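Taking it in order: structure first as structure tokens, then the write-up.
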Amino acid sequence: MKPLTLTLAVLCTLSAFAFGGTTSYSGKEMKEVAPAPCPEWYGDHEWEFGLWGAYSFTGTESDRTKIEEADDSGVYGEYDKFLGGDHAWGGGIDAKYFFCRYFGVGLEAFGLDGKGSHALFDGGPNPDVSEEVYAHEDHFVGAALGTLTLRYPFRCTRFAPYVWAGGGGAFGGRNDRPFVDTAGEGAFSVSRNEDESRFMGQFGGGLEYRITRHIGITGDFSWNVLDGPHNNFGMVRSGLTFGF
């Protein structure tokens, strides 16, 4: 019996040490607080509408020759053939539907205040022109296109960089086409300055910041490629977005 008694005594002693080294907690103390989930500023399926202002600058530097040289030698220099001037102000709207938070399709429309120059030469068919001159003409340039957008909202932040590309058409451009008219008696310089429409492609990138879940601000840059030479222009945009 002595070995059995000794064994039980040892086990009791070890148990006392084991329980003595264990700290007990109440149920309230053992409860773990789960971290709050990150707020979701961008939806997996949402409509987004944009309203923005725009500043555009031409891809071709305005380097027209003096009107006397254009009239006498037929050298006209280089200049933009659509917006007409070297820059233009305007604005636009767009609507997108995001099938998931990273990919969306949409429509875009904008208008710009073009400022062209029309070469008028004396001795031509216009009796009101007594001397050669560049006449400045304001004209409205518009465009409509479809777009594909890729965005990447940073987790737990309000920021979402994005890139997009689109295609459509632009209208209202002014292509001042000087030439020498040899019809009839003698030869004289004239120019045509008619409204034009062109196919257009657009691609760019920017950043959106959500002030609230449904309202944000955005800023981006795009390059616009138009059919024909000396027509391309860049555009900087900034405005508001509304997501639902």
Side-chain angles (χ1 to χ4, degrees), residues 48-65 67 76-96 106-120 133-149 151 160-177 191-209 211 215-243:
E48 184 176 274
F49 301 92
L51 178 65
W52 33 269
Y55 170 78
S56 296
F57 58 91
T58 59
T60 302
E61 184 177 356
S62 182
D63 188 23
R64 300 195 73 161
T65 60
I67 189 64
Y76 306 106
E78 288 190 350
Y79 51 93
D80 181 83
K81 301 295 182 65
F82 202 82
L83 291 181
D86 57 359
H87 68 276
W89 293 91
I93 57 175
D94 63 76
K96 307 183 190 75
L107 296 173
E108 174 189 321
F110 65 84
L112 299 171
D113 179 23
K115 297 184 180 297
S117 296
H118 183 199
L120 299 176
V133 65
Y134 281 126
H136 298 284
E137 295 184 349
D138 295 339
H139 59 284
F140 175 81
V141 174
L145 57 156
T147 61
L148 298 174
T149 301
R151 72 178 182 187
Y162 59 90
V163 295
W164 84 96
F171 57 89
R174 294 292 179 89
N175 187 350
D176 194 25
R177 300 190 190 89
S191 65
R192 296 191 180 99
N193 196 32
E194 301 171 348
D195 287 348
E196 286 195 338
S197 298
R198 298 277 184 176
F199 291 110
M200 171 182 165
Q202 182 188 74
F203 57 93
L207 181 67
E208 182 177 358
Y209 175 84
I211 302 172
I215 301 175
I217 56 177
T218 185
D220 57 45
F221 170 77
S222 66
W223 189 250
N224 301 273
V225 180
L226 278 69
D227 180 37
H230 305 297
N231 293 325
N232 303 338
F233 61 92
M235 183 161 61
V236 179
R237 311 185 305 186
S238 181
L240 296 174
T241 58
F242 305 92

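Remember, predicted model here, so these are calculated numbers, not experimental data.
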Between [Y] and [X], is there a side-chain heavy-atom distance shorter than 4.5 Å?
X	Y	result
Ile217	Leu240	yes
Arg151	Glu48	yes
Ile93	Phe49	no
Thr147	Asp94	no
Lys115	Asp138	yes
Phe233	Leu226	yes
Phe82	Asp227	no

Inset, instruction - Supply the atom-to-atom distance Asp80 CG to Arg64 CZ, rounded to the nearest 0.5 angstrom. - result: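 These two atoms lie 10.5 Å from each other.
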
Legend entry - Spacing of CG belonging to Asn231 relative to CE belonging to Met200, to within rounding of 0.5 Å: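 Spacing of CG (Asn231) from CE (Met200) equals 11.5 Å.
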
Inset, instruction - Give the C-alpha distance, both sets of side-chain angles, the deciding distance and a yes or no for side chain to side chain contact (heavy atoms under 4.5 Å, CB included) between Val225 and Phe203. - result: CA-CA 9 Å; Val225 180; Phe203 57 93; 4.2 Å; yes

Taking distance alone, no hydrogens or angles, what donor-acceptor pairs closer than 3.5 Å link side-chain atoms of residues 162-171 to residues at least two apart or in another chain?
residue	atom	partner	partner atom	Å
Tyr162	OH	Thr218	OG1	2.5
Tyr162	OH	Asp220	OD2	2.7
Trp164	NE1	Gln202	OE1	2.9

Inset, instruction - Check each of Asp113, Val141, Leu83 against Ser56 using the side chain to side chain contact (heavy atoms under 4.5 Å, CB included) test, and report the only one that passes. - result: Leu83

Please report the shortest heavy-atom distance between [X] and [Y], naming the atom on each side.
X	Y	answer
Met235	Asn224	CB-ND2, 3.7 Å
Arg198	Gly228	NH1-CA, 4.0 Å
Arg237	Ala54	CG-CB, 4.3 Å

Inset, instruction - Return yes when atom CZ of Phe199 has more than 12 non-hydrogen atoms of other residues, nucleotides or ligands closer than 6.0 Å, and no otherwise. - result: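 It does not: Phe199 CZ has 12 such atoms or fewer within range.
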
